[in-house]
Amino acid sequence: ELPVEPLLTSRVNVPPLLMEKIQATFVTRLLYGGMVVGLLYTLMRWIFALHLIILEGQSTRQAIGNSIRLTHRTKLATLLLMLALNVLLFGLVMGVLTAASFLPEKLRMTTSYLFSQYWATLSGFLALMLSLMLMPVNMIFLTHLYYKACERTGLPTTDQLKINKI
């Protein structure tokens, strides 16, 4: 396996033959790692582009340019804040689920096999809810970071978002 973040590589399906060729030499592993770092760098520079397109009504090219200006010296801080938020949420939910699973044992309660099966199902459902909750929470947090970056750089903000009632 390559020493690259599994979350990133799990979403990219590279044919096994090509992965063998990549892993064959140090140079190809270095190039592969460089490409992943380059993609992450580009993502961090363009992270506010969607906000600029939707909220400000800018063209894609303008939005990317303004996103690059907004993230000029804050790429690492933005990445670390997003990482900290996700680790905190994930750790909190998993900690509560783990603590709840040990609760019957700590209270010296006897549980049936059926209860343990229901608990496993409930834990899986709650983990699914966590994964569904992370995307909107991240978008809200990114929007907060976007407005702070606009305030810091002096970029004027105008909300061009139009919501039509059904």
Side-chain angles (χ1 to χ4, degrees), residues 1-14 32-104 106 115-166:
E1 291 296 314
L2 290 177
V4 179
E5 179 65 36
L7 179 66
L8 298 173
T9 57
S10 67
R11 299 193 191 284
V12 178
N13 189 10
V14 180
Y32 182 75
M35 286 177 19
V36 169
V37 168
L39 287 172
L40 277 175
Y41 178 80
T42 303
L43 172 71
M44 292 313 301
R45 293 306 301 259
W46 293 0
I47 200 159
F48 296 132
L50 186 61
H51 290 85
L52 289 160
I53 291 169
I54 292 174
L55 297 177
E56 305 289 333
Q58 295 182 3
S59 71
T60 305
R61 188 167 284 160
Q62 288 174 325
I64 289 172
N66 283 332
S67 180
I68 289 171
R69 268 185 249 120
L70 286 173
T71 58
H72 178 59
R73 290 193 174 128
T74 60
K75 295 173 290 294
L76 185 61
T78 303
L79 179 66
L80 292 177
L81 284 171
M82 292 297 296
L83 187 64
L85 173 73
N86 286 293
V87 166
L88 179 71
L89 284 174
F90 184 79
L92 183 68
V93 171
M94 290 303 148
V96 168
L97 289 176
T98 302
S101 69
F102 287 121
L103 191 62
K106 294 297 180 190
F115 176 79
S116 66
Q117 293 302 308
Y118 280 133
W119 179 250
T121 302
L122 180 64
S123 298
F125 177 72
L126 291 174
L128 174 67
M129 290 297 106
L130 169 69
S131 66
L132 293 174
M133 178 188 73
L134 282 179
M135 182 61 79
V137 168
N138 280 316
M139 285 306 294
I140 291 168
F141 189 67
L142 268 177
T143 303
H144 171 73
L145 291 177
Y146 164 72
Y147 282 116
K148 282 183 74 168
C150 286
E151 183 180 296
R152 187 186 66 252
T153 58
L155 185 72
T157 57
T158 56
D159 192 351
Q160 300 294 327
L161 183 63
K162 293 179 180 33
I163 299 174
N164 296 325
K165 293 183 181 179
I166 297 175

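- Here OG1 of Thr42 is found 12.0 Å from CD1 of Ile47. Values are rounded to the nearest 0.5 Å.
- Rounding to the nearest 0.5 angstrom, the gap separating the CE atom in Met44 from the CG atom in Leu39 is 13.5 Å.
- The two residues His72 and Arg45 come nearest to each other via the heavy atoms CA-NH2, 4.1 Å.
- You'll find the side chain of Leu155 stays beyond 4.5 Å of the side chain of Tyr147, heavy atoms only.
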task = Applying side chain to side chain contact (heavy atoms under 4.5 Å, CB included), run through Phe141 and Leu81 and close with a yes or a no.
result = CA-CA 9 Å; Phe141 189 67; Leu81 284 171; 3.9 Å; yes
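- Counting heavy atoms from C-beta on, the side chains of Thr143 and His51 come closer than 4.5 Å.
- Between Leu79 and Met82 there is no side-chain heavy-atom pair separated by less than 4.5 Å.
- One finds the CG atom of Leu126 at 11.0 Å from the OG1 atom of Thr121 (value rounded to the nearest 0.5 Å).
- Remark: Ile53 CD1 to Ser59 OG distance equals 8.0 Å, nearest 0.5 Å.
- Checked against Val137 for a side-chain contact (heavy atoms from CB on, under 4.5 Å), the options Leu85, Leu142, Asn86 give a single hit: Leu85.
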With a 3.5 Å cut-off and sequence neighbours excluded, list the donor-acceptor pairs that the side chains of residues 89-100 form with protein atoms.
residue : atom : partner : partner atom : Å
Thr98   : OG1  : Met94   : O            : 2.8

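- Rounded to the nearest 0.5 angstrom, Leu70 CG and Phe48 CZ are separated by 6.5 Å.
- With contacts defined as side-chain heavy-atom distances shorter than 4.5 Å, the pair Gln58/Asn66 qualifies.
- Inter-residue side-chain proximity for Tyr146 and Glu56 is flagged as met; some heavy-atom pair is nearer than 4.5 Å.
- Residues Ala63 and Ala49 come closest through the heavy atom pair CB-O, 3.6 Å.
- How far CG of Leu50 is from OG1 of Thr60: 10.0 Å, rounded to the nearest 0.5 Å.
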